[in-house]
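Each remark here refers to the structure printed beneath this line.
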Number of protein chains: 2
Amino acid sequence: MKNFKMAIIGVGGRGEGLYRVALKMRKYVQFVAVCDTDDQRLEFIAKEMEDDGRARPALYHDYKACIDEAKPDVILVATAWEAHLKITTYAMEKGIAVACEVGGAYSLESLWELVRCYERTKTPIIMMENCCYGRIEMLALNMKRLGLLGTIVHCEGGYKHDLRSMAKNLKHYRIWEYLHRNCENYPTHEIGPIAKLLDINCGNRFVSLVSVGSSAHGLEEYVEKHDLEAFKGKRFCQSDVVTTVLKCANGETVTIALDTTLPRYYSRGFVVHGTKGLITEENRSVYLEEEFPEEMWEWQEQYNNIEKYYEKYDHKRWQGYKPGKEGHGGMDYLVFNAFFEALDAGKEMPIDVYDMATWMAITVLSEQSLATGQPVAFPDFTDGKWVLRENKFEL
Amino acid sequence: MKNFKMAIIGVGGRGEGLYRVALKMRKYVQFVAVCDTDDQRLEFIAKEMEDDGRARPALYHDYKACIDEAKPDVILVATAWEAHLKITTYAMEKGIAVACEVGGAYSLESLWELVRCYERTKTPIIMMENCCYGRIEMLALNMKRLGLLGTIVHCEGGYKHDLRSMAKNLKHYRIWEYLHRNCENYPTHEIGPIAKLLDINCGNRFVSLVSVGSSAHGLEEYVEKHDLEAFKGKRFCQSDVVTTVLKCANGETVTIALDTTLPRYYSRGFVVHGTKGLITEENRSVYLEEEFPEEMWEWQEQYNNIEKYYEKYDHKRWQGYKPGKEGHGGMDYLVFNAFFEALDAGKEMPIDVYDMATWMAITVLSEQSLATGQPVAFPDFTDGKWVLRENKFEL
């Protein structure tokens, strides 16, 4: 594989995490520049690179300067959500490949601009949706493709992660989003793998969604309890739980939940339900009709039976793969690696600009739906190409 | 307790099951009549009663004759869904108490008529929603009342039960509903206990709902596979999965799912999420914030931890209660018993006419929402009384 000069734009927690994953690709990744508005973070990462025996990268505050002067082959975008698209399209216009971190969008127009930018420039762009490479998600994809689940009818997912401690870090952009916005602000971890499984933009598409939001008590009680002066008495706009139901052209329904400001264990609440079987992340089980001919009133004995199915039906990306603890259990490595593989081979990205626009649009559409109480139609970012496109994702 | 003369109207599978539960109340229940359109079923139940050493009941085909001639104190209605309300209101007008099995409604008007009938006659009426007496549901209610879950923000539930074998029984009404209707046709098992927990009609109410339905593949593939001539090639209208999201006056959201025509294990998918804790039926666990101060990325070690909480926080109805196998794990007995307790004491029914109208309305409203693609407003069957009513359910 050839050697790529990479600039990292945004080195908060996520940028740092991805840097550590990229270190595994040391043979073909060279870090030429780092960009952030925070000097401490810049210095910290530069020192990490030097301690790793690498050349000190050029440091930038301004992403345009970083792109124009450091002349990387690739940028990794791991900034606050609101900067993702402007940085991405700036780099694409200059022909610099982009690996963009996940997040939602703020307008449909910005997503159309992204799509048009790609169609004009053909600059390689991937959304780094690591959960498309999660083990259970890839197991489901593989089992679906093997026909073991039958016709898929319904899926579920969620980003169910207690993030309340963000209120202790005023420098983090996320808390301000929660103060002012109400939407499905982080849909891609769950919708990405579901979209791949349902052939979205490849013979299927999302046609509508409706979102319903709960009241917002979690953060308000949290800042009170922890005596966080900056937010005490403030009213947070973000619903504690936003439930969104999407409908697909081929009739499938998908329910996703954002659940990030209440105490809980982490879960992506992944469910895939077809006419022959069911996969349930919440109790780590697989139910195949042919294996359970009798009515199953009690299921607890089958909790955790998924290990058996990993042995038999793991996706090839996971067969024999033993991830370390870093990088979200190996998913970060797999998505990063898939990006470099495609870039090196000059092939289509496994998660492409249409995926990215579609998944990020959910944030905008959910915001509209919550504001009006109405379902909203889903735009077709492929302009009709979805009808004939083929799903080649990790075949 | 005084002795009640009971007539059972409808002795299909459910009527028979409830009869067997009522046998436990032999000291105060006397079966005076049985009504059904099916002679075999009538004869079967009459013989069962005789074999049990009881008097042979009067047998009827017509519910009006049964009510007018046998003059029971109480009727148990366990007919097809569509007959529930007409039989119930007929009996109420005659002052005969009614224990009505669960099911959905077909029009809001029929529910208003039920409510007005009660308000005019004050005849005791209960909806026999056994799941209000389920152990996990009552645990959640108890823990919520003890303040252990904090402010409740979101709940979930479902009727997730593979019912496809109904296509083998042409005499059962249910399959015809699936052929012709599309709605959340069986909402009460999950919404009943959630409504009790959220104080619905007692300081809170459902204000709107929206339903989204999947395609219908489950039954079509099933009748093909099992070569069921009566239905082969037929198109079923009922979505395999209907997802409904309700919004409450106090801001809570409730997601319920009907999932009855795909292969799966049984589950009511019960979730209660508050600002201090979370109960999840799908893995039988309780998460209390104070017990898990660290971020929990892996939860599987806590699957089935609910036993510990049953020991500590079981609702008093379950403390020391050891149900047999019959009657859905004891719930049928508990709801039946609560009915007779209230009837004997002349007290308000624990599940009253407003509960019944509200829960049954979900079927009608979901049908409207699915047909139009729009959210619908929820009627207030209490005409404003909900603002000041108190939730006295199983205090």
Side-chain angles (χ1 to χ4, degrees), chain A residues 150-151 153-154 156 161-162 165 208-218 221-222 239-243 245-248 250-253 255 257 259 262-267 273-278 280 282-285 287-289 292 295-300 302-304 373-375, chain B residues 150-151 153-154 156 161-162 165 208-218 220-222 239-243 245-247 250-253 255 257 259 262-267 273-278 280 282-285 287-289 292 295-300 302-304 373-375:
Chain A
T151 310
V153 174
H154 178 72
E156 295 179 16
H161 188 184
D162 179 0
S165 64
S208 69
L209 69 70
V210 62
S211 295
V212 185
S214 75
S215 50
H217 289 290
E221 291 189 18
Y222 184 88
S239 292
D240 286 330
V241 178
V242 174
T243 304
V245 193
L246 299 104
K247 179 105 188 174
C248 301
N250 291 340
E252 304 91 340
T253 44
T255 302
D259 175 357
L262 297 172
R264 64 164 303 126
Y265 55 92
Y266 179 87
S267 173
H273 206 174
T275 54
K276 294 183 179 171
L278 168 67
T280 309
E282 204 68 349
N283 52 35
R284 302 181 75 246
S285 78
Y287 174 102
L288 294 183
E289 173 173 39
F292 296 99
E295 207 166 13
M296 294 299 295
W297 284 90
E298 303 282 342
W299 187 243
Q300 57 259 40
Q302 295 297 327
Y303 291 175
N304 285 312
Q374 295 296 311
Chain B
T151 310
V153 173
H154 178 72
E156 296 179 16
H161 188 185
D162 178 1
S165 63
S208 69
L209 69 69
V210 63
S211 295
V212 185
S214 76
S215 50
H217 289 288
E220 290 174 25
E221 292 189 18
Y222 184 88
S239 293
D240 287 329
V241 179
V242 175
T243 304
V245 193
L246 299 103
K247 179 104 188 175
N250 291 340
E252 305 90 340
T253 45
T255 302
D259 175 356
L262 297 172
R264 64 164 304 126
Y265 55 93
Y266 179 87
S267 173
H273 206 173
T275 53
K276 293 182 179 172
L278 168 68
T280 308
E282 204 67 349
N283 52 34
R284 302 181 75 247
S285 78
Y287 174 101
L288 295 183
E289 174 173 37
F292 296 99
E295 207 166 12
M296 293 299 293
W297 284 89
E298 303 281 342
W299 187 244
Q300 56 260 41
Q302 295 297 325
Y303 291 175
N304 286 311
Q374 295 295 310

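Here the structure is a predicted model, which means the values were calculated and not measured. Below, chains carry the letters A, B, ... as their sequence lines are ordered, and counting in each starts from 1.
For a residue to count as touching a neighbouring chain, one of its non-hydrogen atoms must lie under 4.5 Å from one of that chain's; by this rule A:T280 touches chain B with the side chain only. Looking at A:H217, both its backbone and its side chain come within 4.5 Å of chain B, counting heavy atoms on both sides. Of the atoms belonging to A:E295, it is side-chain heavy atoms, and not backbone ones, that fall under 4.5 Å from chain B. Interface residue B:D259: only side-chain heavy atoms are found under 4.5 Å from chain A. Heavy atoms closer than 4.5 Å to chain B are found in the side chain of A:S285, but not in its backbone. Contact of B:V210 with chain A is made through the side chain alone, with heavy-atom distances under 4.5 Å.
For the pair B:Y287/A:L262, no side-chain contact is recorded, criterion being any heavy-atom separation below 4.5 Å from C-beta on. Between A:Q374 and B:P375, some side-chain heavy-atom pair lies under the 4.5 Å cut-off. Side-chain contact between A:T275 and B:Y222: absent, with no pair of heavy atoms (C-beta onward) separated by less than 4.5 Å.
The main-chain N or O of A:D240 is never found under 3.5 Å from a side-chain atom of B:H273 such that the two would form a donor-acceptor pair. In this structure, the side chain of A:Y303 engages the main chain of B:E282 through a donor-acceptor pair within 3.5 Å.
If you take CZ on A:R284 and CD on B:E298, they are separated by 7.5 Å, rounding to the nearest 0.5 Å.
No more than 12 heavy-atom neighbours from other residues, nucleotides or ligands sit within 6.0 angstrom of NZ on B:K276.
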